[in-house]
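Report on the structure given below.
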Amino acid sequence: MSTLQEIQFSDAIMSRIHEYIARYPEGKQKSAILPILHLVQDEYGWMSEPVMNKVAEILSIKPIEVYEVVTFYTMYNLKPVGKYKLEFCGTSCCMLRGAENIMDYTLNKLGIKEGETTADGLFTVTRVECLGACGYAPMMQVGEDYIEHLTTESIDEFIESRRNTVK
Ligand code: FES
């Protein structure tokens, strides 16, 4: 069954998509896939199959080519996530500086397992590869912010402050 009819991107999104595609030579429209995926993820929150299929249709490529990109990069969400996605670096420098313990502390505090989202829809916790801030280990990325030199105290503060924003 085709799912291509299930999603219609807004005129505003289509306009941005065409801007991205126009940056590349004719026939090389696939090169615009990363910013297009960011754009539609901002709109829909995650990469559902109908969304990915629609991107494939627009770029005149096979859906599998979109799935390959989406499943390769951890910045694309394969399922709905919380308002705050805590992406803990799990690579060498951060691990040597206690990232595993900080992540375990966070998961226990939130009552979820890695990859899960809290019942209130606020927090998702994931593990990612090096985020290029090794000198500030242990660290995590939340949206466009890097939160560095993590401690259990700074995790407490972070969670409390974000919870307060929705009270
Ligand atoms: S090892 Fe964690 S940011 Fe590089």
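Quick note: numbers below take in every heavy atom, side chains included, and nothing from hydrogens, waters or symmetry partners. Everything quoted here is computed from the prediction, not taken from an experiment. Both counts, for ligands and for their atoms, begin at 1 and track the order of listing.
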Where does the angle between the aromatic ring planes of His149 and Tyr136 fall among parallel (under 30°), tilted (30 to 60°) and perpendicular (over 60°)?
->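 If you compare the ring of His149 with that of Tyr136, the planes turn out perpendicular.
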
Which heavy atom in Cys130 sits nearest to a heavy atom in Cys89, and how many Å separate them?
->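 Here Cys130 and Cys89 meet closest at CA-SG, 3.7 Å.
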
Sequence neighbours left out, what pairs pass salt bridge (charged side-chain N to carboxylate O under 4.0 Å, His left out) with at least one residue falling in residues 140-159?
->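 Listed once each, the pairs are Lys109-Asp156.
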
Atom 4 (Fe) of ligand 1 neighbourhood, protein N/O/S only, threshold under 2.8 Å =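 Protein N/O/S atoms under 2.8 Å of atom 4 (Fe) of ligand 1: Cys130 SG, Cys134 SG.
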
Could you tell me whether the side chain of Met95 reaches within less than 4.5 Å of the side chain of Glu100, counting heavy atoms only?
->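 With C-beta onward as the side chain, the pair touches.
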
Do any pairs count as a ring-ring contact (aromatic ring centres under 6.0 Å, His included) and have a residue in residues 93-135, sequence neighbours left out, and if so which ones?
->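 Found Tyr84-Phe123.
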
Applying ring pair (Phe, Tyr, Trp, His ring centres under 6.0 Å), name anything that partners Phe158, two or more places apart in sequence or on another chain.
->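 Listed in chain order: nothing, the list is empty.
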
